[in-house]
S.K.: 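One structure, as structure tokens, below. Some questions next.
Note that these values count all heavy atoms, side chains included, but never hydrogens, waters or copies made by symmetry. Residues: numbered from 1 along the sequence shown.
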Amino acid sequence: MLFAAREALKAGLWSPRHWAGNIAAGVIVGVVALPLAMAFAIASGVKPEQGLYTAIVAGVVVSLFGGSRVQIAGPTGAFIVILSGIVAEHGVAGLQLATLMAGLMLCAFGLARLGGVIRYIPLPVILGFTAGIGIIIWVGQWQAFFGLPAVPGHFFHEKLWFLLRNLPRLDPVTTAFGFGSLALVLLPRRVRILQRVPGPLLALVAATVLQGVAQFPHLATIGSTFGDLPRGLPLPHWPGGGLDRIVPLIGPAFTIALLGAIESLLSAVVADGMAGTRHDSNAELFGQGLANVLSPLFGGIAATGAIARTATSIRSGGTAPLAGVVHAVVLALVLLAFAPLARNIPLATLAAILFVVAWNMSEAHRVVRLVRHAPRADAVILCLTLLLTVFADLVVAVNIGIVLSVLHFLRRMASSVDVAPVTLPDAVSAPAAGPRVRALRVRGPLFFAAVESLRAAFRGEHAAVLILCLEQAPFADATALQALDDEIAAAHGRGVRVILCGADPRIRAKLHRMGTLSRLGAGDFQPDLAAALSAAQAGTPGGAEAAAESAQDGAGRGAAGRTVPAPA
């Protein structure tokens, strides 16, 4: 695996001439990450400083030991739904232990070179669960945005109904802060002179200064809710818990690991497109795993690659891991120097920032376009994944979405397998030429989902000689080969002679191991259709024996690395 720090060293990106751009990018990203880290932590059910601890530790570790030299890591919105649920059931210590276990799983994923496998999750599933998470984050921030009472209930529909019923009880001052902060977050997008100012920071500073001067008594702030932020990082400590706590957390830990893998690799792919780099997916998983092992030891929570912060770094001139390290140093300096000022940060402002994060996560324009223009099955899978994410559980949604996608793919693959008759010369197929000969050609892979097509083709033929041409079958699995063997035996029972032809060395070796070739008669395995037609008329001797020898020879040559591949 090629770690980011080593890859940057080979590319010469640690040289002094690259320092200025990367330090500037790191400072900008650190400023952007400040309000987001606290907002994500609070929404996840932990203290705001724990979000900063996460961004500091994960920012350094992933920048140095990840698989992308421009990746910026920290707490992200995608984790909010999972982490808040774990905190509600297992407490903060349980969350930190689950995060550490997830980090070990991610390290194992990277060492097992599973980085390429994670990327096979279909787009409708990814869009479905990210849009669902965006909806949950948006509704989950209504309480802080409008100053509503504490929300009871466990399920989304219960919380939504409670919030809708209590909207008339909103606090005017809190709501004003919420909408004012939302306007300030969005303002730099509309005003050219402010385009270089991070909207979340603008809202955070303005709302904090206003609350510090006016001291509205009913406005919930970080200080009134969580107390003052501590200065500096805590000493490393074990989250606590033995085997009795580890076993119940295996499921939540795997969920964190799976979502962290997906998010980090998506972010790395986006970064590659923006920076023209090429990430190492296995090193990325290992780096993310190491970050999630160390983060809870310093009081942090789960972290992964952050697409928005990574993009900000690249746009600001970040080209090397130095930008990610500087971003972490900036957050550490802020924690040391300005922690007391954070007590006046309104929670409504952080809720407004998360409103924008939720909208960006949902990617509503892509969801609408896919639902309107994609194949119907993909649109259904997206909608079902979204609904299950919101109303059931993220893991259930992803699992069902992937299973449905695989089943849909298998159905389409099976429908693409064609077992069709081959037009033969009249002199061959006519009864006057001797036994009536029919030929079938398999187009597509012979696998378990195509078994019915194969059986239907066999049972629909009543010729005296049946030729099955396999030259357009790229591979075959055990289920299809067993079905083929059964149909050959059944055809022999009906008095039908079966000739196989055109199989490549790999399939030929599998037929030999299955015993299918020994079931065939002399001359009933041929290299191509022309030879099979000649055998059907003349009955060439020694066909099965020659095929068996060819299969063994093909397997041996494939193992030696020559032109014929070894049997799979």
Side-chain angles (χ1 to χ4, degrees), residues 32 34-48 51 75-81 83-85 87-88 131-153 155-190 198-212 214-226 308 342-362 364 390:
V32 171
L34 176 66
L36 294 176
M38 292 189 290
F40 292 146
I42 294 172
S44 299
V46 299
K47 295 181 178 180
T76 62
F79 276 135
I80 288 175
V81 178
L83 303 191
S84 59
V87 170
I133 290 173
I135 293 173
I136 295 174
I137 293 174
W138 176 58
V139 174
Q141 294 305 306
W142 287 12
Q143 177 192 359
F145 190 90
F146 296 108
L148 300 175
V151 182
F155 296 104
F156 176 82
H157 66 276
E158 296 173 341
K159 297 178 181 180
L160 178 61
W161 179 238
F162 176 86
L163 290 168
L164 290 174
R165 286 191 292 111
N166 285 273
L167 268 180
R169 299 172 57 186
L170 59 81
D171 180 66
V173 173
T174 302
T175 304
F177 263 84
F179 278 107
S181 300
L182 184 61
L184 290 175
V185 172
L186 300 175
L187 186 63
R189 303 182 184 183
R190 305 294 182 184
L201 181 67
L202 179 63
L204 187 73
V205 172
T208 303
V209 170
L210 180 58
Q211 172 61 12
Q215 291 295 318
F216 294 101
H218 298 295
L219 181 65
T221 64
I222 286 181
S224 64
T225 307
F226 302 100
R343 66 172 297 104
N344 290 318
I345 297 176
L347 298 187
T349 299
L350 298 180
I353 293 172
L354 288 179
F355 273 15
V356 178
V357 170
W359 172 257
N360 293 334
M361 277 191 63
S362 68
V390 173

S.K.: I want to check something: taking the side chain as every heavy atom from C-beta on, are N344 and V209 in contact at a cut-off of under 4.5 Å?
M.R.: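 N344 vs V209: side chains apart.
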
S.K.: A203 and S181: which non-hydrogen atoms are nearest, and at how many Å?
M.R.: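 Looking at all heavy atoms of both residues, the shortest contact is CB-O, 3.5 Å.
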
S.K.: Check the pair L204 / L350 against side-chain contact (heavy atoms from CB on, under 4.5 Å), numbers first and verdict last.
M.R.: CA-CA 8 Å; L204 187 73; L350 298 180; 4.1 Å; yes

S.K.: Going by the rule side chain to side chain contact (heavy atoms under 4.5 Å, CB included), which residues pair with A176 if we only count those two or more places apart in sequence or in a different chain?
M.R.: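 With neighbours one apart ignored, the set is empty.
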
S.K.: Taking all atoms of both residues into account, what is the closest heavy-atom pair of P35 and P200, and its distance?
M.R.: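 Closest approach of P35 to P200: CG-CB, 3.7 Å.
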
S.K.: Do the non-hydrogen side-chain atoms of I133 and I80 ever get within less than 4.5 Å of each other?
M.R.: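 They are not in side-chain contact.
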
S.K.: Could you check L182 against V356 for side-chain contact (heavy atoms from CB on, under 4.5 Å), going step by step and ending with a plain yes or no?
M.R.: CA-CA 8 Å; L182 184 61; V356 178; 3.7 Å; yes

S.K.: Which heavy atom of T225 sits nearest a heavy atom of A220, and at what distance?
M.R.: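 The pair with the smallest heavy-atom distance is OG1-CB, 4.2 Å.
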
S.K.: Output all residues satisfying side chain to side chain contact (heavy atoms under 4.5 Å, CB included) with V87, sequence neighbours left out; order by chain, then residue number.
M.R.: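 For V87, the residues satisfying side chain to side chain contact (heavy atoms under 4.5 Å, CB included) (neighbours in sequence not counted) are V46, V92, L95.
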
S.K.: Return all side-chain donor-acceptor pairs below 3.5 angstrom for residues 134-148, not counting sequence neighbours, or 'none' if the list is empty.
M.R.:
{"unit_1": "W142", "atom_1": "NE1", "unit_2": "W138", "atom_2": "O", "d": "3.3"}

S.K.: List in chain and number order the residues that pass side chain to side chain contact (heavy atoms under 4.5 Å, CB included) with P346, two or more places apart in sequence or in another chain; answer none if no residue qualifies.
M.R.: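 Side chain to side chain contact (heavy atoms under 4.5 Å, CB included) list for P346, sorted by chain: F177, A207, T208, Q211, L219, T349.
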
S.K.: Supply the atom-to-atom distance L202 CG to L186 CG, rounded to the nearest 0.5 angstrom.
M.R.: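 Interatomic distance, L202 CG to L186 CG, rounded to 0.5 Å: 11.0 Å.
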
S.K.: Please check if atom CZ in R165 has more than 12 non-hydrogen atoms from other residues, nucleotides or ligands closer than 6.0 Å.
M.R.: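 Counting neighbours around CZ of R165, more than 12 heavy atoms of other residues, nucleotides or ligands fall under 6.0 Å, so yes.
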
S.K.: Hey, could you give me the CZ/OG1 distance between F216 and T174, rounded to the nearest 0.5 Å?
M.R.: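 Reported value, rounded in 0.5 Å steps: 10.0 Å.
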
S.K.: Who passes side chain to side chain donor-acceptor pair (under 3.5 Å) against S224, sequence neighbours left out?
M.R.: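 With sequence neighbours excluded, S224 shows a side chain to side chain donor-acceptor pair (under 3.5 Å) to T221, given in chain and number order.
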
S.K.: Applying side chain to side chain contact (heavy atoms under 4.5 Å, CB included), name anything that partners P48, two or more places apart in sequence or on another chain.
M.R.: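 Residues passing side chain to side chain contact (heavy atoms under 4.5 Å, CB included) with P48: M38, I42, I222, F226, L229.
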
S.K.: Look up atom CG in L167 and atom CZ in F162, then write down how far apart they are to the nearest 0.5 Å.
M.R.: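 So the gap between those two atoms works out to 10.5 Å.
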
S.K.: Start with the C-alpha gap between L354 and F40, add the side-chain angles, then the distance that decides, and say whether side-chain contact (heavy atoms from CB on, under 4.5 Å) holds.
M.R.: CA-CA 8 Å; L354 288 179; F40 292 146; 3.4 Å; yes

